[in-house]
Protein chains: 2
Amino acid sequence: MKTSSTPARRLRAPRGQGGQLRDELVAATERLLATTGDEESVSIRAIANAVGVSPPAIYLHFPDKDALIFEVCALRFGELADAIEEAAIGVADPIEALLVRGYAYVRFAVEHPEQYRVLFLRPGAGRKLTADELRSTSAFGNLIRAVEEAHQTGAIRAEPDAIATAMELWAVAHGVASLVIGVPDFPWPEDLADRVLQTYVRGLTSAAVSSS
Amino acid sequence: MKTSSTPARRLRAPRGQGGQLRDELVAATERLLATTGDEESVSIRAIANAVGVSPPAIYLHFPDKDALIFEVCALRFGELADAIEEAAIGVADPIEALLVRGYAYVRFAVEHPEQYRVLFLRPGAGRKLTADELRSTSAFGNLIRAVEEAHQTGAIRAEPDAIATAMELWAVAHGVASLVIGVPDFPWPEDLADRVLQTYVRGLTSAAVSSS
DNA sequence: TGTACATCAGTGAACGCGCGTTCACTGATGTAC
DNA sequence: TGTACATCAGTGAACGCGCGTTCACTGATGTAC
């Protein structure tokens, strides 16, 4: 059963519209990544076939395969950031806002496991993500601000600072997301993300530990 | 620079000792996985070359490549379980025991990132890990017992039960481990695992929430 | 108003490569008669 | 005590495959004179 037996040759773009194919390539790559979930199995030939174009045509718009994959990852990362912000809109309580962000993060990951895998779980996923880049990313920056807000209202502790606490929150949400994605056959409870995030944030709200 | 230019042909095993090569194949595969960190790049040819044997010799001991990789994963999983148990020996306080288990888990993962990747982060890693298998695994079973102990002494809440709480603890530890492995260039604080686990367990120790 | 030319958006065939696996074989060693 | 034979632990060469990428090319379309 060859599912890709439809050549469906694409019409050639008119004179000035060469960049049009570029967008279609990105879209097709994103789609293929979503269905296969494995960067390795998304081949230049498969992408070209999905768009209805010959493999070398891709090199008119991207220097190599890595550049194409990277662009798709960047797009997905933006979508993840948008999904989180959208979820946090209009949530007044700063604690609730933190929880809602965490849920949105996990939901995005579980609903797009293959893309999440490409973003954070594939070998060398974060290789290009340096400290400055990540900190300037809207997603992480927004989370830091949300933590600061919760801290300034006295709702949570944030030690030693908001950045460290944001990292911890990220780790907790990432833990639920990547575990559910990585071990999918296990009967994870529906409310795993809720419980973990609530317990963690409760740990942040409780009085400072008295240890030395 | 070909590092594998040493053929170093291995001596043929004596008559009854055919299984000897089997062990050497497993050891070499484990070693290669540890250095490359990617199952895809650990090829039949590379394994055979590392042992000093021809590629087809592998098929005298394993039906296919998957069977060999799976056996190596199972071994590593056992080592992870052992490392956790060893760390928990002699820790009387049940809360401290939970924390110590979490640290040991994260430490194992960070010290053996490639093996951890093969165990839990590669595509299809947990595909073969069904609920019953995992529950009967010593590693997860021990964690459940540790949670029960902490619950019975009144040190923590465990809702709805110890199994669910064990899953949550796993998710939290896995979060730190896989994030540090997945985004290695980010300046993670040294004590990220400590802080996350402590905060989470503090959330478990605090009084039950009053929400409806 | 016609024509030579440049440009653009691609195509078709082929490159070398490494992969997992198969197949027919070899040669030492033990065993039966 | 010698010899034919079975078995065991491998080997060497080759299979078909899909991969990323390159190279020479095509043919429609706009532009300069």
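Heavy-atom basis, side chains included; hydrogens, waters and symmetry copies ignored. We name chains A, B, ... by the order of the sequence lines, and we start the count at 1 in each one.
A search for side chain to side chain contact (heavy atoms under 4.5 Å, CB included) contacts involving Ala162(A) returns Ile144(A), Val147(A), Glu148(A), not counting sequence neighbours. Evaluation of the salt bridge (charged side-chain N to carboxylate O under 4.0 Å, His left out) rule for Glu24(A) yields Arg10(A) as partners, not counting sequence neighbours. In this view, Arg107(B) satisfies the side-chain hydrogen bond (donor to acceptor under 3.5 Å, both in side chains) rule with no residue, not counting sequence neighbours. Taking the side-chain hydrogen bond (donor to acceptor under 3.5 Å, both in side chains) definition, one finds that Arg22(B) meets it with Glu71(B), sequence neighbours left out. Residues passing the side chain to side chain contact (heavy atoms under 4.5 Å, CB included) test with Val110(A) are Val106(A), Val180(A), sequence neighbours excluded. Arg31(A) pairs by the side-chain hydrogen bond (donor to acceptor under 3.5 Å, both in side chains) definition with nothing, not counting sequence neighbours. In this structure Glu149(A) satisfies the salt bridge (charged side-chain N to carboxylate O under 4.0 Å, His left out) test with no other residue, sequence neighbours excluded.
When rounded to the nearest whole Å, the span between CD1 of Ile58(A) and P of dG10(C) equals 12 Å. One atom, CG of Leu68(B), and another, C1' of dT21(C), lie 14 Å apart when rounded to the nearest Å. Taking atom CG on Leu21(B) and atom C1' on dG10(D), their separation rounds to 9 Å, with Å as the unit. Separating the CG atom of Leu11(A) from the P atom of dG10(C) is a distance of 10 Å, rounded to the nearest angstrom. One interatomic measurement links the two molecules: CG of Asn49(A) to P of dG20(D), which rounds to 13 Å at whole-angstrom precision. Counting to the nearest Å, the C1' atom of dA9(D) and the CG atom of Leu60(B) are 7 Å from each other.
For the strand DNA chain D, secondary-structure stems (runs of at least three Watson-Crick or G-U pairs, all distances below 3.5 Å) span C:2-33 with D:2-33.
The aromatic rings of Phe140(B) and Phe186(A) sit perpendicular to each other, their planes meeting at more than 60°, with 30° as the lower class boundary.
Remark: Arg10(A) is not in phosphate contact with dA9(C), judged by side-chain N or O atoms under 4.0 Å from OP1 or OP2. A sub-4.0 Å separation between OP1 or OP2 of dG10(D) and a side-chain N or O of Arg22(B) is absent.
Along DNA chain D, the nucleotide closest to Glu39(A) and the one closest to Ala13(B) are compared, and the more 5′ of them pairs with Ala13(B).
Under 4.0 Å is where a charged nitrogen must lie from a carboxylate oxygen, and between Glu40(A) and Arg122(A) no such pair does.
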List the atom pairs, donor and acceptor, that lie under 3.5 Å between side-chain atoms in residues 74-84 of chain B and the rest of the protein, sequence neighbours left out.
from	atom 1	to	atom 2	distance (Å)
Arg76(B)	NE	Glu30(B)	OE2	3.2
Arg76(B)	NH1	Glu79(B)	OE1	2.5

Output a table of donor-acceptor pairs, distance under 3.5 Å, between side-chain atoms of residues 50-65 of chain B and any protein atom two or more places apart or on a different chain; print 'none' if there are none.
from	atom 1	to	atom 2	distance (Å)
Asp64(B)	OD1	Asp66(B)	N	3.4
Asp64(B)	OD1	Ala67(B)	N	3.1
Lys65(B)	NZ	Val42(B)	O	3.0

In B/S/- notation (B base, S sugar-phosphate only, - none; protein heavy atoms under 4.0 Å), nucleotides 22-33 of chain D written 5' to 3' is BB---B-BS---
Which atom pairs link the protein and nucleotides 14-19 of chain D when you take only N or O atoms and keep those under 3.5 Å?
from	atom 1	to	atom 2	distance (Å)
dC19(D)	OP1	Ser43(A)	OG	3.0

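Comparing dT11(D), dG10(C), dT21(D) against the side chain of Ala57(B) picks out dT11(D) as the nearest.
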